[in-house]
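What follows is one structure encoded as structure tokens, with my remarks underneath.
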Amino acid sequence: MRSVVTGGAGFLGSHLVDRLLAEGHDVVVIDNLITGSLDNLAHLKHESRLEFMEWDISEPIQVAGRVDYVFNFASPASPEDFRNYPIKVMKAGGVGTLHALGLAKAKESKFMMASTSEVYGDPLVSPQPETYWGNVNPIGPRAVYDEAKRYGEALTMAYRNAHGLNTCIARFFNTFGPRMRLNDGRVVPNFVKQALMGEPLTIYGDGSQTRSFGYYSDLIDGVYRLALSDYSEPVNLGTQEERTILEFANAVVKATNSRSEIIHLPAVVDDPKQRRPDTTRARTILGWEPKISLEEGLQETIAYFRVKLSKQSETDA
Ligand code: UDP
């Protein structure tokens, strides 16, 4: 098997690359390194089955040779990225997805769209089943990501219906773990970094908003199972471990043995108030069940960020 992973130098993309190589695939990574990093692939430097192409998928994609799977994982994914790279986010999810679909069509590959719980916006239904159409502000600060991913899902179905392309759609809920960017602004790196450095943990708003935090290894297992399945409707991948952000801040303080205090900053615009997946589809169709608890995942993630922070302070010194 030979797979193309767009965004393969990113947090989730690079973990998918590891899994595909372990399953015996040859892998071509396409990444423009805006938010991805070659550090995430450094352990594969001598892997002859891995090919790296530095390329922006908002330009047409050419890959020589056969391709069995196209995993479309490229996109900046942190709310801070939505502010910093709004057009690039829309291009990656929009025209980038179009080009990745074009590649899959030309090569007669199976195509996976990496989508997101953001398609549900600020959901009025909880937990969120795949049949829920969402509550998205089309012109708000998160719209660049939410609408691009919704457009990407629509494009995926259009290629399936118009060209008979073999496709699937995964909707990822909040996922964390090693290889997240230390400074990407998301809650996991922010709180862990703040706790390790003895700085206050910054909660946006009153902290009553919820997220369900899934571990990367469980998510990648779901991705792999979905790729092998014949299922074409969207599938949620995430955990039932729903916590308020205040509870999560306390969990990080405890797990790091930190003395940091918790402070409140102004709430951010259009911050979804609740997020928890209905994972009936993943469980019944893929036989998938997340295995790693929030506490276990946090331990490994904290260990990873400790190393990153000490390297950063060596460089700063
Ligand atoms: N958040 C926070 N403090 C931070 C970073 C994030 O309170 O330093 C909150 C944010 O307002 C949101 C939740 O944590 O309610 C998750 O934010 P994140 O940026 O990780 O991703 P999102 O799930 O919103 O896409």
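One-based numbering, in listed order, for ligands and for the atoms of each. Computed from a predicted structure; not experimentally measured.
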_Heavy-atom donor-acceptor pair, Trp288 side chain to Arg281 backbone, under 3.5 Å_ =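 Here the side-chain-to-backbone pair does not exist.
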
*When you measure from the side chain of Gln128 to the backbone N and O of Arg276, does any donor-acceptor pair fall under 3.5 Å?*
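Checked: pair present.
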
*So, Tyr204 versus His264, ring centres under 6.0 angstrom or not?*
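Aromatic pair excluded; centres sit 6.0 Å or further apart.
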
*Do you know which of Thr167, Ile57, Val5, Thr156 makes side chain to side chain contact (heavy atoms under 4.5 Å, CB included) with Asn72?*
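Exactly one candidate clears the test, Ile57.
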
*Once the angle between the rings of Phe173 and Tyr120 is folded into 0 to 90°, is it parallel (under 30°), tilted (30 to 60°) or perpendicular (over 60°)?*
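Taking Tyr120 first and then Phe173, their aromatic rings sit tilted (interplane angle of 30° to 60°).
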
*Taking only residues two or more places apart in sequence or in another chain, which ones pass salt bridge (Lys or Arg N to Asp or Glu O under 4.0 Å) with Arg160?*
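Partners of Arg160 by the salt bridge (Lys or Arg N to Asp or Glu O under 4.0 Å) criterion come out as none, since no residue qualifies.
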
*When you look for protein heavy atoms under 4.0 Å from ligand 1, which residues do they belong to?*
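Lining ligand 1 at under 4.0 Å, by heavy atoms, one finds Pro79, Glu118, Arg142, Asn174, Gly185, Arg186, Val187, Asn190, Phe191, Thr202, Ile203, Tyr204, Gln209, Arg211, Ile245, Val268, Asp271, Arg275.
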
